[in-house]
There are 2 protein chains.
Amino acid sequence: MARKIGSNGEKTAAELRAAAQRLFARHGYAAVSMRQIASEVGVQVGALYLYIADKQALLFELMDAHMTALSDALEAEPSLGDDPSARLERFVRFHLRWHLERTDAVFISYMELRNLEPQNFAKIEARRREYEDILGGILRDGVAQGVFHLADTRLGVFGIIALLNGVNTWFRAGRRLSLEGVTAIYLDMVRAAVGQKPAAQPSPD
Amino acid sequence: MARKIGSNGEKTAAELRAAAQRLFARHGYAAVSMRQIASEVGVQVGALYLYIADKQALLFELMDAHMTALSDALEAEPSLGDDPSARLERFVRFHLRWHLERTDAVFISYMELRNLEPQNFAKIEARRREYEDILGGILRDGVAQGVFHLADTRLGVFGIIALLNGVNTWFRAGRRLSLEGVTAIYLDMVRAAVGQKPAAQPSPD
DNA sequence: GTCTATATTACGATAGAC
DNA sequence: GTCTATCGTAATATAGAC
């Protein structure tokens with residue numbers, strides 16, 4: 001399509017979201033001004049409002065896109081049949097890889113919940129519960145089949161999610177541990193925490 | 001000492017910190033104005049500056065007081081000798097109880113780190129590392145004595161702290177689970193995660 | 001599509017009266 | 001010890017020129 005020279009609509013829209021994500025993650029939503037974002041994008045502040053209704057909508061769009069992409073990505077993972085151990089391993093591997101590749105979006109999704117207006121907050125929370133309930137299903141099946149030993153699967157979900165998300169607070173690529181190394185260690189901790197017998201786990205890869 | 005009627009210095013100072021802690025936890029440091037705090041305290045904004053140098057100092061004082069109280073409280077716990085299992089149990093029980101009784105201060109101490117100026121940030125981080133290294137010592141001793149089986153004690157510390165801190169995101173007193181009920185379940189998960197043999201643990205209380 | 005300019009409101013912090 | 005009033009700055013968002 002013909003576009004005016006110097007007109008950069010789609011590019012500006014993308015850069016706006018990228019800059020906002022970076023700045024919100026670094027300094028926090030409330031501490032970042034629209035002027036700062038505009039400066040990062042390389043336009044004046046007025047130009048931003050061609051692409052967003054207001055600052056709140058910008059935050060919500062970022063978080064909503066993140067949660068949607070998360071659910072979509074998990075659904076796109078190949079299924080591993082009925083074996084709870086295999087499904088748990090798949091979940092842990094997916095969760096760690098996916099979250100460690102998106103540190104800014106993940107950080108925002110956990111830190112900025114309180115800056116969402118009530119309706120927006122409810123939508124994001126619903127998406128998160130959906131995602132976490134997939135893990136819940138794995139744990140419940142595992143307990144029912146006797147391969148996991150867990151006093152409370154609901155707390156098991158909370159515990160595992162918290163354990164895994166904690167990695168984002170300290171992991172930096174290129175240090176002592178690779179993603180694979182971290183994943184192996186955390187897999188051991190998760191399997192142990194759900195009371196999976198070491199004998200029941202498949203040969204390590 | 002004689003104090004002018006209507007003069008409320010110490011009370012105002014305490015209420016200022018209490019209000020700031022409550023509001024910072026609810027809405028975030030950057031989103032809370034000094035005017036809001038003053039309104040909660042029941043004074044005009046100018047009066048606040050009798051008790052704090054500026055807003056940043058107020059945040060730092062809250063976080064510093066929190067971390068100092070945390071270290072002091074852990075040190076005041078009775079020692080349990082050399083047995084790593086007993087020390088781990090003591091740590092978990094202390095950490096959960098202490099953190100669940102101070103949800104606002106805990107929330108601030110994890111969420112507002114990025115709003116600290118560099119010097120203040122360094123001080124708070126040093127205090128946190130000190131505290132977490134106490135758990136590190138327990139894990140290292142346990143591994144050395146063969147009662148824990150953990151591939152990486154440093155990641156063990158990160159994992160356990162994240163697991164335990166996650167409780168603050170969902171626990172509410174007076175619901176289905178009591179503090180004691182939660183603690184028992186989390187103790188099981190922690191013991192399992194560090195690879196402690198169930199046979200090695202003392203009789204349940 | 002972006003700019004400049006601006007309306008409106010709010011911020012942190014201080015000065016001086018009481 | 002607290003109040004009122006204010007300084008100087010910056011916020012979000014919009015209007016209209018180009």
Side-chain angles (χ1 to χ4, degrees), chain A residues 1-24 26-63 108 112 114-117 119-120, chain B residues 1-24 26-63 108 112 114-117 119-120:
Chain A
M1 70 188 91
R3 212 195 276 138
K4 231 172 80 185
I5 292 173
S7 283
N8 264 332
E10 288 161 31
K11 189 155 168 279
T12 301
E15 283 176 5
L16 159 58
R17 278 157 182 82
Q21 183 161 93
R22 200 167 46 242
L23 288 170
F24 288 169
R26 198 107 63 216
H27 308 291
Y29 170 76
V32 173
S33 70
M34 297 304 291
R35 280 172 171 79
Q36 274 178 272
I37 297 171
S39 164
E40 284 266 307
V41 176
V43 297
Q44 291 301 311
V45 65
L48 299 183
Y49 289 89
L50 282 174
Y51 306 101
I52 52 160
D54 53 27
K55 195 185 177 190
Q56 167 72 203
L58 176 57
L59 176 63
F60 175 69
E61 281 169 31
L62 288 176
M63 294 177 72
I108 291 171
E112 304 298 352
R114 62 182 163 186
N115 285 311
L116 288 173
E117 288 163 8
Q119 294 182 34
N120 291 337
Chain B
M1 71 187 89
R3 213 195 278 136
K4 230 173 81 183
I5 293 174
S7 281
N8 263 331
E10 288 161 33
K11 190 156 168 277
T12 302
E15 283 176 4
L16 159 58
R17 279 156 181 83
Q21 183 160 94
R22 199 167 47 242
L23 289 170
F24 289 168
R26 197 107 64 217
H27 308 290
Y29 171 77
V32 173
S33 70
M34 298 303 291
R35 282 170 171 80
Q36 273 178 273
I37 297 171
S39 163
E40 284 266 307
V41 176
V43 297
Q44 291 300 313
V45 65
L48 299 182
Y49 289 88
L50 281 174
Y51 307 102
I52 53 162
D54 52 27
K55 195 186 178 190
Q56 168 71 202
L58 175 56
L59 176 62
F60 175 70
E61 281 169 30
L62 289 176
M63 293 177 72
I108 292 171
E112 303 298 352
R114 62 181 163 187
N115 285 311
L116 288 173
E117 288 163 8
Q119 294 182 33
N120 291 337

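Here the structure is a predicted model, which is why all the values come from computation and not from measurement.
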**OP:** Whole angstrom is fine here: how far is it from CD in Gln36(B) over to P in dT9(C)?
**Re:** 18 Å

Original post:
If only side-chain N and O atoms of Tyr51(A) are considered, is one of them under 4.0 Å from the OP1 or OP2 phosphate oxygen of dT2(C)?
Top reply: yes

Subject >> Gln56(A) side, atom CD; Leu59(A) side, atom CG - distance, nearest 0.5 Å >> reply: 5.5 Å

Subject >> Interatomic distance where CD1 belongs to Ile37(A) and P belongs to dA13(D) [whole Å] >> reply: 10 Å

**OP:** If a pair satisfies salt bridge (Lys or Arg N to Asp or Glu O under 4.0 Å) and one of its residues is in residues 43-54 of chain A, list it, with sequence neighbours excluded.
**Re:** none

Subject >> Short side-chain N/O contact from Tyr49(A) to OP1 or OP2 of dT14(D), under 4.0 Å >> reply: no

Original post:
Does the side chain of Tyr29(A) come within less than 4.5 Å of Lys55(A)'s, by heavy atoms?
Top reply: yes

**OP:** Begin from the C-alpha positions of Ile37(A) and Phe24(A) and carry the test side-chain contact (heavy atoms from CB on, under 4.5 Å) through to its verdict.
**Re:** CA-CA 9 Å; Ile37(A) 297 171; Phe24(A) 288 169; 4.0 Å; yes

Original post:
Between Tyr51(A) and Ala13(A), what is the shortest heavy-atom contact and its length?
Top reply: CD2-CB, 3.7 Å

Ignoring hydrogens and angles, write down the donor-acceptor pairs under 3.5 Å from the side chains of residues 40-49 of chain B, residues two or more places apart or on other chains.
{"unit_1": "Glu40(B)", "atom_1": "OE1", "unit_2": "Arg22(B)", "atom_2": "NE", "d": "3.4"}
{"unit_1": "Glu40(B)", "atom_1": "OE1", "unit_2": "Arg22(B)", "atom_2": "NH2", "d": "2.8"}

Original post:
How is Val41(B) classified with respect to the nucleic acid when contacts are heavy atoms under 4.0 Å: base, sugar-phosphate, or nothing?
Top reply: nothing

Original post:
Rounded to the Å, how far apart are Leu48(B) CG and dT2(D) P?
Top reply: 10 Å

Subject >> Distance in Å, Leu58(A) CG paired with Met34(A) CE, rounded so as to fall on 0.5 Å steps >> reply: 6.0 Å

**OP:** Could you state the atom-to-atom distance from CG of Asp54(A) to P of dT9(C) in whole Å?
**Re:** 17 Å

Produce the list of close N/O pairs, under 3.5 Å, pairing protein atoms with atoms of nucleotides 3-10 of chain D; give distances to one decimal.
{"unit_1": "dC3(D)", "atom_1": "OP2", "unit_2": "Gln44(B)", "atom_2": "N", "d": "2.5"}

Subject >> Pairing residues for Arg114(A) by the side-chain hydrogen bond (donor to acceptor under 3.5 Å, both in side chains) criterion, not counting sequence neighbours >> reply: Glu112(B)

**OP:** Using whole Å, report how far CD1 of Ile52(A) lies from C1' of dG1(C).
**Re:** 15 Å

**OP:** Check side-chain hydrogen bond (donor to acceptor under 3.5 Å, both in side chains) between Glu61(A) and all other residues, then give those that pass, not counting sequence neighbours.
**Re:** Arg17(A)

Original post:
For dG1(C), does OP1 or OP2 lie under 4.0 Å from any side-chain N or O of Thr12(A)?
Top reply: no

Original post:
Within this structure, what is the CG-to-P distance between Leu50(B) and dA13(C), rounded to whole angstrom?
Top reply: 14 Å

Subject >> Protein-nucleotide distance (His27(A), atom NE2; dA11(D), atom P), rounded to Å >> reply: 13 Å

Subject >> All side-chain hydrogen bond (donor to acceptor under 3.5 Å, both in side chains) counterparts of Gln21(B), not counting sequence neighbours >> reply: none

Original post:
Could you state the CD-C1' distance from Gln56(A) to dA11(D), rounded to the nearest angstrom?
Top reply: 16 Å

Original post:
In chain order, what residues pass the side chain to side chain contact (heavy atoms under 4.5 Å, CB included) check against Ser33(A), with sequence neighbours excluded?
Top reply: Arg35(A), Gln36(A)

**OP:** Could you identify which residues of residues 14-22 of chain A place a heavy atom less than 4.0 Å from some atom of DNA chain D, listed by residue number, or say none?
**Re:** none

Original post:
Using the C1' atoms of the five pairs at each end, what is the angle between the end axes of the helix from dG1(C)-dC18(D) to dC18(C)-dG1(D), to 10°?
Top reply: 0°

**OP:** Decide yes or no on side-chain contact (heavy atoms from CB on, under 4.5 Å) for Asn115(A) and His27(B), but give the supporting numbers first.
**Re:** CA-CA 7 Å; Asn115(A) 285 311; His27(B) 308 290; 5.9 Å; no

